[in-house]
Every structure is written in structure tokens, then in C-alpha cells.
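The structure appears right after this line, and notes come after that.
For the numbers below, each heavy atom of this structure counts, side chains included, while hydrogens, waters and symmetry mates do not.
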Amino acid sequence: MALHVVNEAKRCLNCKKPQCMEGCPIHTPIPLMIQDFLSGEMDKAGEMVFQNNPLSLVCSLVCNHESQCEGHCVLGRKGMPVHISSIENYISDTYFDKFKPHPAPRNGMRAAIIGSGPAGITIAIVLASRGYDVTIFESRDKIGGVLRYGIPDFRLPKTILDRYKTKLLQMGIQIRPNTTIGGALCIDDLFRDGYRSIFIGTGVWRPNCLHIPGESLGNVHFAIDYLCNPDSYELGERVTVIGAGNAAMDVARTALRKGSPNVTVFSRSAKIAASKRESEYASVDGVRFELCWEPVEITPEGVIFRKLAYQEDGTRTAVPDSETLFPSDSVIISISQGPKNKIVSTTTGIDVNSRGLLVTNEHGETTRPGIFASGDVVNGAKTVVEAVRYSKDVADAMDRYMREHAGEALN
């Protein structure tokens, strides 16, 4: 792999106005990273990338590179773009274990991080590096959030998240697993115990429903639940996946790997919503696709769909008498998800919008002073790199808030 990465790095034109950086949501300094790498400055390149994006090792594997950095590479206009993701992964992976964080001098202020997904990990790292005593509260037994429980191992090895846990502990960050805020402990308990600010990054774990007959049957499951622990499920020979986003591709490819030989993805749309790369991998793995079909009812024998016809203006209509039963042993619904309300229902002063997402200003401040939020629980299901980018700004806002209110009484 090293030779391949070196060859790819040598293809970089080191553009004066690098479009690859413009295409990256977090503006990774890609040309500088590549030049440092080629100059033998591996640690320098790795540190620079990590400081810009603490989850660079993760993003190099799971980002939608074809529409971001690589999709903007000028070499891609007439040929193949530089495979930036492979270069970044090699640098980040090599640097990560060599990086030995030293806990910053403590400033005596305490910050709570609720949720250890991409946003929570990012903010914990930023605040710990500035001297805050940081505690992560994670409702599950291991850190990672959607990275661990929503992305299959063949796309993101869970050993990477275990390595992140080691780094967090080395930075002096404390982790409380199996601790749900909004259960035995609530937000007010955290303020009582001296936390100067609180970050909510609990993600979106409540599946959206189709609201059609049959969703409660025993052969029906939701994508986010299935991906948490696929080994708990016996899907049978034929699996129907309703929805065609990236999560649906993860579900379909996982089901194939777990022994279901016939997996079909159904979409209302005339095209696949997932990225081209993810849908191509699914197709190569053996997933079949059925487009322009709308689910009407789920039965023990399978799903009844009706055909949709699309007009030039984008409107769609149901084709008369097109209802068709597609037999299946199991059905997995993958049409996104929303937030759970444990924290909101046990805390006063936090507003949510019509979708149940937390309301914040541009700095991630919620409607209750001292409480901040970012990631999917604010924006809905988005990409990892978008969560990291926004969370860096939120960490700055939390830092300012705690310093400005250092001498005040807690909530």
C-alpha cells in the first residue's frame, strides 16, 4: 500500500488554488499534507492533519470523497483524481499511534460531554487540550456512537475506535460508559456537581416509520437497530431493504455478509440516493435494486409495492393496478431517523423544533445557558466530517462561555 500511496502523492499538482481543499468541508490542507509527506515529514503532516481534524483517521475511510476532496481535484476533469483518501489514511494511521498526548495544565473547570459520537469525541479532544477536566457520558458500553453502532466493520474497523479510546484516556478525559443522561442522572445533576458547561451530542437513534400496515410484524426491522448488532438477527434467505441511502447500502451489504444470499434495495425515486461509490460497492457485492416502487403494505410473506411514474417536472404518480407482492423473509426499513427525547423530557429550558432536533444558534448554544449541542441531534443525519467541522466551532464557543462565566454561580 505504501508504494501506491507514494505514487498517488507524486501525482498531486500542488495547485496554487487547491480546489480539493474547497471541496473538503473541514478544509484539510491537502497539498501541504502531501508535500510534507513526500519530503519525509510524516509526523509533521500527521500532526497538522490531526489538529485540523481530530477524526482524520475516520474521515479518510468514511467520507464521501467522490463529491468532496477527490471530486474537486483538477486531475479528475480529464482523468483520475488523486486518491487523496488513501494518502490521508496512510498518514493519519501511521501518525496516530506515534502521537503521545500530554494532558494540558488543568484550568480547574469541568465540562460534560453527553454522547461519544463524532461530535462528542471532537469536542472532548479540543477542550481537554485546553486544560478542561472533561467527562464523557456514553449510554452504551463502548465509545463511538454512530461510528461504532451505525457503520459496518468492513467500512470502519472498530479497532480504530478502541485506539481513540486509548488516546482520550491518555489526554486525561474520563469516560462513563452505560450512563444515560435523562435516566438516573439528569442535566441538573451535572450542573450541581460543578460542570461549567454541558455538550449534548446524542445523535439520532429513533427510526423513522413508513406509517403503513405491517410495520410491527415480527419479520420487520429498522436499519439503525440492525446495524447496532447484526448478529442478533436471523433474516433468512430473502431480504427487502426499503430506502436507498448510504445506510441502506450498509444494511444490504451487511445482510449479504451475514448469510442472506438475496438482498434487494427498493427506492421510491428513479435514482439511488446513496453515493455512487457506496451503491457501486453494493452492486458488486450482489445487492439488487428496484427503482420507482412505493411500499403499500408489509405482510408475513413480503412487501406489497406499487409502481411510480415520474413526469419531466419531477412529480410522481402511482401507476394504476400496479400493486405487486415482492416475497421476502425479512424487511429492513431504512428511511433515516430522528432524536430520542430522554434529555429534553427531563430538562427545562431546552427548545426543540418540529422534528425534535435541538434548537441552537450559530455557535451551538441551546436555549438554556451553559448547554451546547451539535452533530446529528441538531442537524439531523449528516456526514462525519460535517459534524467534526461544526463541533470545532462549538468547542470554541464552550471555551469562551466557561472563561467568561468562570466566577459565576452554576445553573
Should [X] and [Y] count as side-chain neighbours, where that means a heavy-atom distance under 4.5 Å?
X: Ile333; Y: Pro207; result: no
X: Ser60; Y: Tyr90; result: no
X: Asp43; Y: Tyr95; result: yes
X: Leu169; Y: Ile175; result: yes
X: Pro29; Y: Asn52; result: yes
X: Lys392; Y: Ile26; result: yes
X: Met249; Y: Val287; result: no
X: Asp396; Y: Arg130; result: yes

Please indicate whether [X] has more than 12 foreign heavy atoms, meaning atoms of other residues, nucleotides or ligands, lying under 6.0 Å from its [atom1].
X: Lys307; atom1: NZ; answer: yes
X: Arg106; atom1: CZ; answer: yes
X: Tyr281; atom1: OH; answer: no
X: Lys17; atom1: NZ; answer: no
X: Lys165; atom1: NZ; answer: no
X: Gln170; atom1: CD; answer: yes

For [X] and [Y], which heavy atoms make the closest approach, and how far apart are they?
X: Val265; Y: Gly243; answer: CG1-O, 3.2 Å
X: Ala248; Y: Ser334; answer: N-OG, 3.3 Å
X: Pro369; Y: Thr367; answer: CD-O, 4.0 Å
X: Gly364; Y: Val394; answer: CA-CG2, 3.9 Å
X: Ile343; Y: Ile181; answer: CG1-O, 3.2 Å
X: Asp189; Y: Leu185; answer: OD2-CA, 3.5 Å

message = Go through it in stages, so that I can follow the logic: the residues are Gln311 and Thr315, the test is side chain to side chain donor-acceptor pair (under 3.5 Å), and I'd like the CA-CA distance, side-chain angles, deciding distance and then a yes or no.
response = CA-CA 5 Å; Gln311 281 69 49; Thr315 60; 3.3 Å; yes

Between [X] and [Y], does at least one N-O distance fall below 4.0 Å, as a salt bridge requires?
X: Arg403; Y: Asp399; answer: yes
X: Arg277; Y: Glu70; answer: yes
X: Arg11; Y: Glu8; answer: yes

task = Indicate yes or no for a side-chain donor-acceptor contact from Glu215 to the backbone of Ile212 under 3.5 Å, with no hydrogens or angles considered.
result = yes

task = Keeping the roles fixed (side chain from Ser260, backbone from Gly236), state whether a donor-acceptor pair exists under 3.5 Å.
result =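 Yes, because the side chain of Ser260 sits within donor-acceptor range (under 3.5 Å) of the backbone of Gly236.
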
task = Please test Glu278 against Arg155 for salt bridge (Lys or Arg N to Asp or Glu O under 4.0 Å), starting from the C-alpha separation and ending with a verdict.
result = CA-CA 10 Å; Glu278 293 304 318; Arg155 284 187 58 210; 3.7 Å; yes

Atom pair [atom1] ([X]) and [atom2] ([Y]), whose distance is rounded to the nearest 0.5 Å:
X: Thr366; Y: Phe372; atom1: OG1; atom2: CZ; answer: 7.5 Å
X: His27; Y: Cys69; atom1: NE2; atom2: SG; answer: 12.5 Å
X: Asn89; Y: Ile160; atom1: CG; atom2: CD1; answer: 7.0 Å

query = Looking at Ser92, Cys59, Pro54, which hits side chain to side chain contact (heavy atoms under 4.5 Å, CB included) with Val49?
reply =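 For Val49, the side chain to side chain contact (heavy atoms under 4.5 Å, CB included) test succeeds with only one of Ser92, Cys59, Pro54, which is Ser92.
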
ask   = Parallel under 30°, tilted from 30 to 60°, perpendicular over 60°: which one fits the rings of Phe50 and Phe99?
value =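 If you compare the ring of Phe50 with that of Phe99, the planes turn out tilted.
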
ask   = Is it the case that Thr122 and Ser391 place a side-chain donor and acceptor less than 3.5 Å from each other?
value = no

key: Residue pair Asn64 / Gln68, side-chain donor-acceptor N/O under 3.5 Å   =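 Per modelled atom types, Asn64 and Gln68 side chains form no pair under 3.5 Å.
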
ask   = What pairs with Gln51 under side chain to side chain contact (heavy atoms under 4.5 Å, CB included), at least two apart in sequence or on another chain?
value = Glu47

inquiry  = My understanding is that only residues two or more places apart in sequence, or in another chain, count here; which of them pass side chain to side chain contact (heavy atoms under 4.5 Å, CB included) with Arg257?
reply    = Phe154, Arg253, Asp285

query = Does the pair Val378 and Leu357 meet the rule for a side chain to side chain contact (heavy atoms under 4.5 Å, CB included), with working shown?
reply = CA-CA 5 Å; Val378 172; Leu357 300 171; 5.9 Å; no

message = Once ring pair (Phe, Tyr, Trp, His ring centres under 6.0 Å) is applied, do any residues pair with Tyr164, and if so which ones, sequence neighbours excluded?
response = Phe96

request  = Using the salt bridge (Lys or Arg N to Asp or Glu O under 4.0 Å) rule, take Arg148 and Asp162 through it: C-alpha gap first, then chi angles, then the decisive distance, then the call.
outcome  = CA-CA 10 Å; Arg148 183 181 293 274; Asp162 297 333; 2.9 Å; yes

